[in-house]
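Data block below; observations after.
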Amino acid sequence: MTPTFEQRRYLIPFRVALLPQIFTEVLVIGSGVAGMRAALAAAGHSDVIVTAKGPLKASNTWWAQGGIAAVLPPELAGEDHRDSFESHIRDTIDAGGDLCDPHAVRRVVEAGPQAVRELIEVDMSLDRTGDPPHLALGREGGHSLARILHADGDATGKAMAGALNRAMRAHEKVRVFDECFVLDLITLEGATPQCVGAITHHPKYGLQVIWAAATILATGGCGQVYRESTNPRIATGDGLAMAYRAGAALADLAFMQFHPTTLYIAGASRSLITEAVRGEGGVLIDHNGYRFMADYHPQADLAPRDVVARAILTQMQRTNHSRVFLDCRHIGAERFAQRFPGIHQLLRKFEIDPGTTPIPIHPAAHYMIGGVHTDLDGRSTLKGLYAAGEVACTGLHGANRLASNSLLEGMVFGRAAGEVCREMHDAAHPGPVRVVSDIPISDRSELDLVDVRSSLRSVTWRHVGIERTGARLEEVLEMFDFWGRYTLDKIFDDRDGWEVQNMLTLGALITRSAHWRNESRGTHFRVDHPEPLDRYRRHDLWRRGQGEPETVDIPHEDAAPAG
Ligand SMILES: Cc1cc2nc3c(=O)[nH]c(=O)nc-3n(C[C@H](O)[C@H](O)[C@H](O)COP(=O)(O)OP(=O)(O)OC[C@H]3O[C@@H](n4cnc5c(N)ncnc54)[C@H](O)[C@@H]3O)c2cc1C
């Protein structure tokens, strides 16, 4: 890591004494599933402020399609439904490339029924079927049976975000600041550094300081670091970068999950085609109409995501074409439209009728498995800072996330962080303190920000994507080093600049982690080291100022859980 990445503590120069100041007990950054669930839990004991850099729609949560994985009892899922925690745990661990933390898996899976009840309590309308009606369950890759709840067919995220949002805004102890961009976490330095709030920017109110006894980071993922991504434009990894600058440890950043099936139309943004389509019988064919997945995995089209994404890449190389197809003709147009109304509508825009025409698809960056290293209550390594949802790394997903486990994770750890952060409220809060950030004016010339943003996204897609090699990763680090020197030394006054600075930091950290991990495991595939190695069966933790990662062993199932 170059000194530029290591030296920058804050993105802008400031003196807190000169800025407007707001006080709260709990600050939640982000209003996706994790942030909203955390806010509702924290409001049980404290005053809460929630900030989000965009409107409700601007979150990964809103765009989630397929659903929420949960083991449901017969009274919710129908008398004939037979599922077990052990089966969901096994599926999660099998997908996870031998890197899952068994305690995190058990915690999330066993909390599944309660999380679903909480969603029903906040009036989320889930799809139902049968007579008498019970919750409808779909099946997705890697799950040994149908256990995915959904809403409005393929609009699960929208229904979930809407319901949690109504409950959160109705709560008298929660204040929501929309369009409020958090630049940095404020820390008190000393023997035990402590997070005491954040510095924010609002288009109307400008820079502000929000002091908080406890801060919960719920800023989601960083898919935008890649040129091909299913994530909305907000997913620039701000939370990860600000936690790194503040001194918290980030873990397992090599593991970016690539979704195998995004609609691939030249010039159009990449829209996800949920895995549930394959669960309903959709199959992958190449340009010659050949059904290739059985050549790659015994579960064929329902193999885990990393296997399917790599198989698609190989098949595209073999056939010399930039896409393959999802064939749903045998499902029939009518059933497809009924089960996947959102996707059906999207396809109509491009005049694709899934009843007669295979859907052109291509993989894309989808989900950041790594993140702010936390214990099982969402505590980060920095006192006063908690993390939940996609921004966090709890060890649940190991090296590869099982489909539809992340909305559930956001519910479970959002609640845990919201509850446990009470410990900071009870502890003595240092109150407003003098914090000064001085940044010298750079005498280096400027690089074009738009160019840097698009170049870094292209390079990560090409060389830090589905297949990686040590030599290319080294080249990418040199490029990040160069861009960093000319971009991270500058002071910007708007979010376009701050986002690029965050994306550069994240891109470099992902590359470093991928370069360190001289093996292949889960979503991380090194062509030059194609097998998993025992000595890498551990988490790699990165902290600012440390050139090499600290490593942490995967706990044994019988050992006491941390946190
Ligand atoms: C297209 C798509 C489909 C998916 N389908 C599924 C599915 O079916 N099932 C499943 O389990 N998972 C699915 N996922 C993954 C899942 O949606 C996400 O992992 C999950 O919603 C993340 O929730 P979150 O609360 O952690 O973050 P998000 O929902 O992404 O929310 C992040 C929040 O942080 C805010 N924020 C970010 N940066 C800042 C900043 N600097 N300052 C202030 N606020 C900030 C944003 O405005 C936003 O409010 C899907 C993801 C995508 C993209």
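Formation of a donor-acceptor pair under 3.5 Å by the Thr61 side chain with backbone atoms of Val33 is found in this model. At distances below 3.5 Å, not a single donor-acceptor pair connects side-chain atoms of Trp63 with backbone N or O atoms of Lys158. A donor-acceptor pair under 3.5 Å is absent between the side-chain atoms of Thr487 and the main chain of Gln501, judged by distance alone. Listed for the Ser46 side chain is no donor-acceptor partner under 3.5 Å among the backbone atoms of Val48. A donor-acceptor distance shorter than 3.5 angstrom exists from the side chain of Arg512 to the backbone of Gly547, with no hydrogens or angles considered. Of the possible polar contacts, none joining the Asn400 side chain to the Gly96 backbone as a donor-acceptor pair under 3.5 Å is found. Thr215 contributes no side-chain N or O that, together with a main-chain N or O of Leu27, makes up a donor-acceptor pair within less than 3.5 Å. Between the side chain of Glu467 and the backbone N or O of Arg526, no donor-acceptor pair lies under 3.5 Å. Side chain of Thr511 to backbone of Gly507: a donor-acceptor contact under 3.5 angstrom is found. Side chain of Asp375 to main chain of Asp377: a donor-acceptor pair is present (N/O by atom type, distance under 3.5 Å, no hydrogens or angles).
Nearest heavy-atom pair, Arg521 versus Leu533, reported as atom, atom and distance to 0.1 Å: NH2-O, 3.0 Å. Here the closest heavy-atom approach between residue Ala151 and residue Met124 is recorded as CB-CE, 4.1 Å. Of all heavy-atom pairs spanning Arg538 and Arg517, the tightest one is O-NH2, 2.6 Å. Closest heavy-atom contact between Cys421 and Ala214: CB-CB, 3.7 Å. Contact detail for Leu240 and Leu250: the closest heavy-atom pair is O-CD1, 3.6 Å. In this structure, Tyr386 and Val420 approach most closely via the heavy-atom pair CE2-CG1, 3.7 Å.
When each of Thr394, Thr92, Asp91 is checked for a side-chain contact (heavy atoms from CB on, under 4.5 Å) with Val105, only Thr92 meets the rule. No option in Met256, His259, Glu390 other than Glu390 meets the side-chain contact (heavy atoms from CB on, under 4.5 Å) test with Tyr367.
Side-chain contact between Asp540 and Leu253 is absent, with no heavy-atom pair separated by less than 4.5 Å. Put simply, the side chain of Arg278 reaches to within 4.5 Å of the side chain of Thr261, judged on heavy atoms. For the pair Tyr536/Asn518, a side-chain contact is recorded, criterion being any heavy-atom separation below 4.5 Å from C-beta on. Using a 4.5 Å heavy-atom cutoff, the side chains of Met479 and Ser455 are not in contact. Within the 4.5 Å cutoff, the side chain of Ile68 has heavy atoms near those of the Leu119 side chain. Within the 4.5 Å cutoff, side-chain heavy atoms of Ile89 are placed close to those of Arg106. With contacts defined as side-chain heavy-atom distances shorter than 4.5 Å, the pair His103/Arg107 does not qualify. For the pair Phe258/Thr230, no side-chain contact is recorded, criterion being any heavy-atom separation below 4.5 Å from C-beta on.
Remark: Ile216 CD1 to Ile29 CD1 distance equals 9.5 Å, nearest 0.5 Å. Rounded to the nearest 0.5 Å, atoms CH2 (Trp62) and OG (Ser31) are 11.0 Å apart. Here CG of Leu504 is found 12.0 Å from CD of Glu499. Values are rounded to the nearest 0.5 Å. The distance from the CG atom of Leu11 to the CG atom of Leu488 is 8.0 Å, given to the nearest 0.5 Å. Here the OG1-CZ distance, from Thr460 to Arg227, works out to 9.0 Å after rounding to the nearest 0.5 Å. Here Glu228 contributes atom CD and Thr262 contributes atom OG1; the two are 7.0 Å apart, rounded to the nearest 0.5 Å.
Counted by atom type alone, Arg401 and Ser406 present one or more donor-acceptor pairs between their side chains at under 3.5 Å. Side-chain N/O atoms of Arg245 and Asn502 include a donor and acceptor closer than 3.5 Å. Under the 3.5 Å distance criterion, with hydrogens and angles disregarded, a donor-acceptor pair is assigned to the side chains of Lys53 and Thr236. Ser144 and Arg139 share no side-chain donor-acceptor pair at under 3.5 Å. Side-chain contact, Arg468 with His524: a donor N or O sits under 3.5 Å from an acceptor N or O. Between the side chains of Glu550 and Gln546, no donor-acceptor pair is found at a separation under 3.5 Å.
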Report task. Mind running side chain to side chain donor-acceptor pair (under 3.5 Å) on Ser87 and Arg147 for me, showing each step along the way? Result -> CA-CA 11 Å; Ser87 166; Arg147 64 162 72 96; 2.7 Å; yes
Query - From CA spacing to verdict: side-chain contact (heavy atoms from CB on, under 4.5 Å), Phe525, Ile466 - result: CA-CA 7 Å; Phe525 188 77; Ile466 298 171; 5.9 Å; no
Query raised in the report: What do the steps show when you test His397 against Glu409 for side chain to side chain donor-acceptor pair (under 3.5 Å), and what is the final call?
Result: CA-CA 10 Å; His397 309 298; Glu409 182 190 30; 2.8 Å; yes
Report task. Could you check Ile12 against Tyr10 for side-chain contact (heavy atoms from CB on, under 4.5 Å), going step by step and ending with a plain yes or no? Result -> CA-CA 6 Å; Ile12 53 162; Tyr10 291 103; 5.6 Å; no
Query - Full working for side-chain contact (heavy atoms from CB on, under 4.5 Å) between Phe181 and Ile199 - result: CA-CA 9 Å; Phe181 186 98; Ile199 179 152; over 6 Å; no
Report task. Give the C-alpha distance, both sets of side-chain angles, the deciding distance and a yes or no for side chain to side chain donor-acceptor pair (under 3.5 Å) between Gln224 and Ser229. Result -> CA-CA 6 Å; Gln224 283 293 319; Ser229 173; 4.7 Å; no
Query raised in the report: Which is it for Asp238 and Trp498 under the side-chain contact (heavy atoms from CB on, under 4.5 Å) test, yes or no, and what are the steps along the way?
Result: CA-CA 8 Å; Asp238 303 341; Trp498 301 325; over 6 Å; no
Requested in this report: Please step through side chain to side chain donor-acceptor pair (under 3.5 Å) for the pair Gln194 and Thr192, ending with a clear verdict.
Outcome: CA-CA 6 Å; Gln194 181 178 340; Thr192 309; over 6 Å; no
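Taking the charged nitrogens against the carboxylate oxygens, Arg415 and Glu419 do have a contact shorter than 4.0 Å, which makes a salt bridge. Using a 4.0 Å cut-off between charged nitrogen and carboxylate oxygen, Arg535 and Glu519 do not count as a salt-bridge pair.
The local environment of CD in Glu189 is crowded, with over 12 non-hydrogen atoms from other residues, nucleotides or ligands closer than 6.0 Å.
Ring-plane geometry between Trp461 and His362 is classed as tilted, the angle between the planes lying from 30 to 60 degrees on a 0 to 90 degree scale. Taking the six-membered ring where the residue is Trp, His143 and His88 present tilted rings, their angle falling between 30° and 60°.
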